[in-house]
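What follows is one structure encoded as structure tokens, with my remarks underneath.
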Amino acid sequence: MEMSKPKKVRVRNHEVFFQLTKRNFLVFTRNKMRMFFTLMVPIIILIIYILFLRSLELSSIREAINSIEGIPPIDDKTLMVFMDSWFLSGNVALCSISISLQTNNLIINDKENGINRDFASAPIHKTVVTFAYMFFNFLITLLLCFCFVCVTFIFLAAMNEFYLNALDVLIIFGVLAFITLNASAFTTLVCSFIDTDATLASVIAVVSACLGFLIGSFMPLSLMPKLMQDIVFFIPGTHATALMRYAYLKSPLEILGNQFNPTQLSILKNQVGYNLIFYIRDMMTSVDLSVDPILQGGAVITPDIQAYITTGFTCGFMGLNFLSRKNTVKTYIK
């Protein structure tokens, strides 16, 4: 009697993707305290800014804007509107990266506890597992960043500096989703090469200490030497920060722009990171904030170009995640 062949199990990749994303989401959100302290990091940075850095940043931008001869100075209230929006937008951009990196703790825990062994032995494509991790990371990061953006709106309203309309709010949340996808693709790729929670903790510590300065969240990139500005230009978070600055500063610039001389307005955009500057000559010399960057050998990178560059980075990271899918599903048992 002829033996019948066992039926091949048909796996629906989209259903597996949904179930894995749901599983990752529920496992992570089960620990409410972890979510709370993850969100507390950008809030603490905001408190430090209010207590210590606010006046320092104001003096820096005041010196750059009011140093132009023959142009009346700008009052501090107007400058503070821009500086608060500048810092809040940079903190939101940094928040998308730092929260995304911490959220990937789930990937490392699955490796250490041998859960990935089940994924590896099941008839599931490693690509589905990898992108389920990335999409879960995107959802969690977007949710927590959404909460922090609401905190920034409350702060602006409390300071009587809320110049955003309904369209601006939609633009901010759209840019937030855009840069969060970029951050999730990047951090998932980084964490695919990390096998232990201790290593991830070290990476988070280094990123938390350095990244805010390198992408211009805590300090305007215009204060850096030209060569350093060119180096950080190739960090994806730099363009994400600039895009978020565009979203937060668009309406304030339009509403208060009539208080600025065109030269002052141009310097302000280049000073606070609304535009990025890429220097192609005289890179070893310092930057003169009162002089047009083009006259100093720089090319002005406007928000539309920043969006194209960020899109390229995101697509590149997704492709690299596909290539490193074996590392993401790799099993590590203590």
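Along the sequence shown, the residues carry numbers beginning at 1.
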- Item | Closest non-hydrogen atom pair between Met244 and Ile172, with its separation | CE-O, 4.0 Å

- Without hydrogens or angle criteria, can the side chains of Asp84 and Tyr49 be said to hold a donor-acceptor pair below 3.5 Å? yes

- Message: Apply side chain to side chain donor-acceptor pair (under 3.5 Å) to residues Asn104 and Thr187 and explain how you reach the verdict.
- Response: CA-CA 7 Å; Asn104 281 325; Thr187 59; 3.0 Å; yes

- Go through the steps to decide whether Phe153 and Phe162 satisfy the test ring pair (Phe, Tyr, Trp, His ring centres under 6.0 Å), and finish with yes or no. CA-CA 7 Å; Phe153 289 165; Phe162 194 88; 5.6 Å; yes

- pair Val129-Ile124: side-chain heavy atoms closer than 4.5 Å: yes

- Heavy-atom pair of closest approach, residues Met35 and Leu144: CE-CD2, 4.0 Å

- Using the test side chain to side chain donor-acceptor pair (under 3.5 Å), find all partners of Thr199 that sit at least two apart in sequence or belong to another chain. Thr196

- Does the pair Phe25 and Phe136 meet the rule for a ring pair (Phe, Tyr, Trp, His ring centres under 6.0 Å), with working shown? CA-CA 6 Å; Phe25 189 90; Phe136 134 79; 7.3 Å; no

- Euclidean distance, Cys191 SG relative to Leu101 CG, rounded to 0.5 Å: 5.0 Å

- One should read off an interatomic distance between Thr314 OG1 and Leu181 CG, to the nearest 0.5 angstrom, of 5.5 Å

- Query: Should Arg54 and Met80 count as side-chain neighbours, where that means a heavy-atom distance under 4.5 Å?
  - Reply: yes

- Query: Closest approach of Thr130 and Thr188, non-hydrogen atoms and distance?
  - Reply: O-CG2, 4.4 Å

- Query: With sequence neighbours excluded, what pairs up with Arg23 under the salt bridge (charged side-chain N to carboxylate O under 4.0 Å, His left out) test?
  - Reply: Asp110

Return a table of donor-acceptor pairs under 3.5 angstrom between the side chains of residues 231-242 and protein atoms on other chains or two or more places apart.
residue, atom, partner, partner atom, Å
Thr238, OG1, Val232, O, 2.7
Thr238, OG1, Ile235, O, 3.4
His239, NE2, Phe233, O, 2.7
Thr241, OG1, Gly237, O, 2.8

- Are any non-hydrogen side-chain atoms of Met224 and Met219 less than 4.5 angstrom apart? yes

- Item | Whether over 12 other heavy atoms sit under 6.0 Å from Asp304 CG | yes

- Query: Taking only residues two or more places apart in sequence or in another chain, which ones pass side chain to side chain donor-acceptor pair (under 3.5 Å) with Thr311?
  - Reply: none

- Task: Taking all heavy atoms of Leu249 and all of Ser85, pick out the closest pair and write down the distance.
- Result: CD2-CB, 3.5 Å

- Item | Polar side-chain atom of Asn91 near backbone of Ser217 as donor-acceptor pair, under 3.5 Å | no

- Task: Determine, using ring centers only, whether Phe317 and Phe186 are less than 6.0 Å apart.
- Result: yes

- Message: Contact between Phe28 and Asn137 at the side-chain level, heavy atoms closer than 4.5 Å - yes or no?
- Response: no

- Message: For Cys145 versus Ile99, what's the shortest heavy-atom pair and its separation?
- Response: SG-CD1, 4.3 Å

- Task: Please identify each residue that fulfils side chain to side chain donor-acceptor pair (under 3.5 Å) with Asp168, with sequence neighbours left out.
- Result: Asn165, Ser251

- Task: Could I get the full list of ring-ring contact (aromatic ring centres under 6.0 Å, His included) partners for Tyr133, not counting sequence neighbours?
- Result: none

- Task: Over all heavy atoms of both residues, which pair between Ile108 and Asp197 is shortest? Give the atoms and the distance, please.
- Result: CG2-N, 3.3 Å

- Contact check, side chains of Phe135 and Asn24, non-hydrogen atoms, under 4.5 Å: no

- Message: Are Phe322 and Phe131, when compared by the centres of their aromatic rings, separated by less than 6.0 Å?
- Response: no

- Message: Between the side chains of Glu15 and Lys22, is the shortest nitrogen-to-carboxylate-oxygen separation below 4.0 Å, so that they form an ion pair?
- Response: no

- Message: Strictly distance-based, threshold 3.5 Å: is any side-chain N or O of Ser89 a donor or acceptor partner for the main-chain N or O of Trp86?
- Response: yes

